[in-house]
*Asks:* 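Structure incoming, see below.
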There are 2 protein chains.
Amino acid sequence: MIATDVTVAADDAGQDRECPGRRERKKLRTRRALRSAALERARVQGPAAFTVEEICADVDIAPRTFFNHFPSKDAVLFDWDGAALAELTGEVRDRAGGSPLAAATAVVGELAAALTTSPIWHRQLELLRAHPELHGRIAHVGRAVEDALALGLAAREGATVPALDHRVAAAAAMAVLQVAISAWLADPAGPDPRAVHDDVLVRARDAFASLPPPGQGAGGP
Amino acid sequence: MIATDVTVAADDAGQDRECPGRRERKKLRTRRALRSAALERARVQGPAAFTVEEICADVDIAPRTFFNHFPSKDAVLFDWDGAALAELTGEVRDRAGGSPLAAATAVVGELAAALTTSPIWHRQLELLRAHPELHGRIAHVGRAVEDALALGLAAREGATVPALDHRVAAAAAMAVLQVAISAWLADPAGPDPRAVHDDVLVRARDAFASLPPPGQGAGGP
DNA sequence: TGCAGATGTGCAGTCCCTGCAGTATGTGCG
DNA sequence: CGCACATACTGCAGGGACTGCACATCTGCA
């Protein structure tokens with residue numbers, strides 16, 4: 001047994017939002033225990049080596065039950081449940097003032113800052129650094145976050161479906177975050193993720209500032 | 001039998017690059033036949049419903065052989081082989097003049113233009129429109145293309161490993177392409193992908209142009 | 001023609017994931 | 001408290017993806 005209840009409880013203490021009842025709490029505990037056990041197994045054995053059966057034995061549930069909590073084995077490692085996404089959407093929506101891109105990058109910047117403070121995210125990023133082949137399997141998470149951002153940007157203006165500018169802002173912010181994370185993973189001894197994010201953001205802004213209008217192919221300087 | 005040799009031959013005639021020998025040609029033919037059969041099966045039955053065994057029967061190879069051509073069932077639908085990626089890298093590398101972002105967006109713009117002309121890409125996009133749940137499964141393709149772009153940008157300046165600005169430019173260009181594709185899929189009757197791409201690119205540039213310097217949170221007017 | 005390397009194939013096996021049916025546990029109400 | 005209801009948990013059976021291994025076949029080259 002690798003993951004213990006102690007580990008689980010320490011992982012994201014304080015993230016306990018509302019407690020709608022014992023059933024919900026137990027479900028949340030099981031969810032986190034599975035995630036924690038999976039992260040530990042993946043760290044020790046490798047992401048491809050651990051099996052669903054193993055982490056189910058770690059948290060003492062039936063293998064069949066695993067798939068009542070997560071749609072796939074991959075999903076347990078990098079998981080953003082609907083509540084977290086909705087919270088992110090709300091955070092963007094409530095950020096009044098400034099352009100959509102300003103709001104999106106502000107929220108994403110705080111997200112980058114949280115990467116090192118959240119224990120779970122730290123473990124996930126360490127795993128990602130050790131096994132770069134996981135990049136592809138978590139791309140859908142980035143897409144989900146991007147959609148949540150775009151939804152928040154739309155809600156900020158009273159709309160229910162994101163406009164093109166909202167999608168552009170969300171995609172740009174996420175692209176910045178992705179590059180920042182990659183750069184930080186490549187050089188963990190360098191600046192913290194928040195600083196890297198701001199650096200990348202400035203570089204992106206400068207790059208677009210000197211961009212000639214498109215449509216005519218390669219135009220001179 | 002759904003996919004026929006005729007379909008296969010007509011799919012991307014003219015893409016026959018060098019013919020290094022009968023063995024290579026036969027391998028390429030099998031590869032394309034598998035891809036074509038898979039696309040047709042996915043279109044008719046749905047991406048989750050068709051089996052490897054079926055498309056292997058279509059092109060008359062052993063199921064075991066399938067995994068000598070593709071690493072997974074998902075890979076056969078949206079496939080960029082190493083040669084195509086290397087070609088893309090070269091295209092970026094040979095595009096002299098202008099900033100990295102200008103070079104990247106120029107190449108990506110041509111790529112967007114080719115989306116409607118290439119029969120294979122057309123079939124892939126139609127499949128993507130009919131089954132949006134595939135978005136997540138092809139994210140690694142976008143990542144691979146992004147890496148190829150960054151590599152080309154580095155090579156353009158004589159470097160062998162992309163610098164941060166190269167990664168930023170590649171990520172930005174791919175983010176623009178991704179948004180453009182999504183928008184075009186949502187409204188196929190609208191402008192062609194190339195026009196949508198240029199539109200999204202301008203919107204991204206404008207968004208960054210009015211972006212306040214990061215680090216102080218929301219300080220907009 | 002003969003050799004070396006690459007490719008195709010069959011087999012056995014592991015693991016992911018699913019539908020179904022039955023049981024246990026938490027929840028709300030009289 | 002006791003009862004009905006809603007969820008969650010579990011075992012079972014099965015399909016299908018994917019792999020390692022050994023062997024057959026084919027191609028390029030001398």
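In what follows, every chain begins at residue 1, and chains take the letters A, B, ... in the order their sequences are listed.
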*Asks:* With axes from five pairs an end, tell me the bend angle of the helix from C/dT1-D/dA30 to C/dG30-D/dC1, nearest 10°.
*Replies:*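 The value is 30°.
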
*Asks:* Please state how far atom CZ in A/F66 lies from atom C1' in D/dA8, giving the value in whole angstrom units.
*Replies:* 16 Å

*Asks:* B/D192: which residues meet the salt bridge (charged side-chain N to carboxylate O under 4.0 Å, His left out) condition with it, sequence neighbours left out?
*Replies:*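 Salt bridge (charged side-chain N to carboxylate O under 4.0 Å, His left out) check on B/D192 returns nothing, list empty.
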
*Asks:* Cationic tip of A/R35 within the cone over A/F78's six-membered ring, i.e. under 6.0 Å and within 45° of the normal?
*Replies:*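 Negative - A/R35 is either too far from the ring of A/F78 or too far off its axis.
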
*Asks:* Mind listing the residues from residues 131-139 of chain B sitting with a heavy atom below 4.0 Å of DNA chain C? Number order is fine.
*Replies:* none

*Asks:* Between D/dC18, D/dC9, C/dG8, which nucleotide has the shortest distance from any of its atoms to the side chain of B/H69?
*Replies:* C/dG8

*Asks:* When the side chains of residues 142-157 of chain A are checked against the rest of the protein, which donor-acceptor pairs come out under 3.5 Å, sequence neighbours left out?
*Replies:*
unit_1	atom_1	unit_2	atom_2	d
A/R143	NH1	B/H135	ND1	3.3
A/E146	OE2	B/Q178	NE2	2.9
A/R156	NH1	A/R95	O	2.8
A/R156	NH1	A/G97	O	3.3
A/R156	NH2	A/G98	O	3.1
A/E157	OE1	A/H166	NE2	3.2
A/E157	OE2	A/H166	NE2	3.4

*Asks:* According to salt bridge (charged side-chain N to carboxylate O under 4.0 Å, His left out), who are the partners of A/R64, at least two apart in sequence or on a separate chain?
*Replies:*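 Salt bridge (charged side-chain N to carboxylate O under 4.0 Å, His left out) list for A/R64, sorted by chain: empty.
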
*Asks:* For A/F67 and C/dT18, give me the distance from atom CZ to atom C1', rounded to whole Å.
*Replies:* 9 Å

*Asks:* Could you tell me whether B/K27 contacts a base, only the sugar-phosphate backbone, or nothing, with contacts defined as non-hydrogen atoms closer than 4.0 Å?
*Replies:*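 If one applies the 4.0 Å heavy-atom cut-off, B/K27 turns out to touch the sugar-phosphate alone, with no base involved.
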
*Asks:* Distance check needed: D/dT25 P versus B/K26 NZ, whole Å only.
*Replies:*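 Distance, rounded to whole Å: 13 Å.
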
*Asks:* Under 3.5 Å, is there a donor-acceptor pair linking the side chains of A/R123 and A/S36?
*Replies:* yes

*Asks:* Given side chains that start at C-beta, do those of B/E126 and B/R43 come closer than 4.5 Å, heavy atoms only?
*Replies:* no

*Asks:* Quickly work out the B/D74 CG to D/dA17 P distance and round it to whole Å.
*Replies:*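 After rounding, the reported distance stands at 10 Å.
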
*Asks:* Cation-pi between B/K73 and B/F50: NZ/CZ under 6.0 Å from ring centre and within 45° of the ring axis?
*Replies:*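 Checked: cation-pi criterion met.
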
*Asks:* Centres of the A/W121 and A/W184 rings: under 6.0 Å?
*Replies:*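 No - the distance between ring centres of A/W121 and A/W184 does not fall below the 6.0 Å cut-off.
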
*Asks:* State, yes or no, whether a side-chain contact exists between B/D199 and A/L164 at a heavy-atom distance under 4.5 Å.
*Replies:* yes

*Asks:* Can you tell if the side chain of A/L115 reaches within under 4.5 Å of the side chain of A/H122, non-hydrogen atoms only?
*Replies:*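 Result no, sub-4.5 Å side-chain heavy-atom pair not found.
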
*Asks:* Within this structure, what is the CG-to-P distance between B/N68 and D/dC18, rounded to whole angstrom?
*Replies:*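 From B/N68 CG to D/dC18 P: 13 Å.
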
*Asks:* Starting at atom CZ of B/R29, determine the distance to atom C1' of D/dT27, rounded to an integer number of angstrom.
*Replies:*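 These atoms are roughly 14 Å apart.
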
*Asks:* Could you state the atom-to-atom distance from CG of B/L34 to C1' of D/dA17 in whole Å?
*Replies:*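 Computing the B/L34:CG to D/dA17:C1' distance gives 15 Å.
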
*Asks:* Could you please name the option among C/dG8, C/dC16, D/dC18 that lies closest to any side-chain atom of B/T65?
*Replies:* C/dG8

*Asks:* How many Å lie between CD on A/E24 and P on C/dT25, as a whole number?
*Replies:* 18 Å

*Asks:* Would you tabulate the nitrogen or oxygen pairs shorter than 3.5 Å linking the protein to nucleotides 10-15 of chain C?
*Replies:*
unit_1	atom_1	unit_2	atom_2	d
C/dG10	O6	B/R64	NE	3.4

*Asks:* Is the shortest distance from a Lys or Arg side-chain nitrogen in B/E24 or B/K27 to a carboxylate oxygen in the other one below 4.0 Å?
*Replies:* no

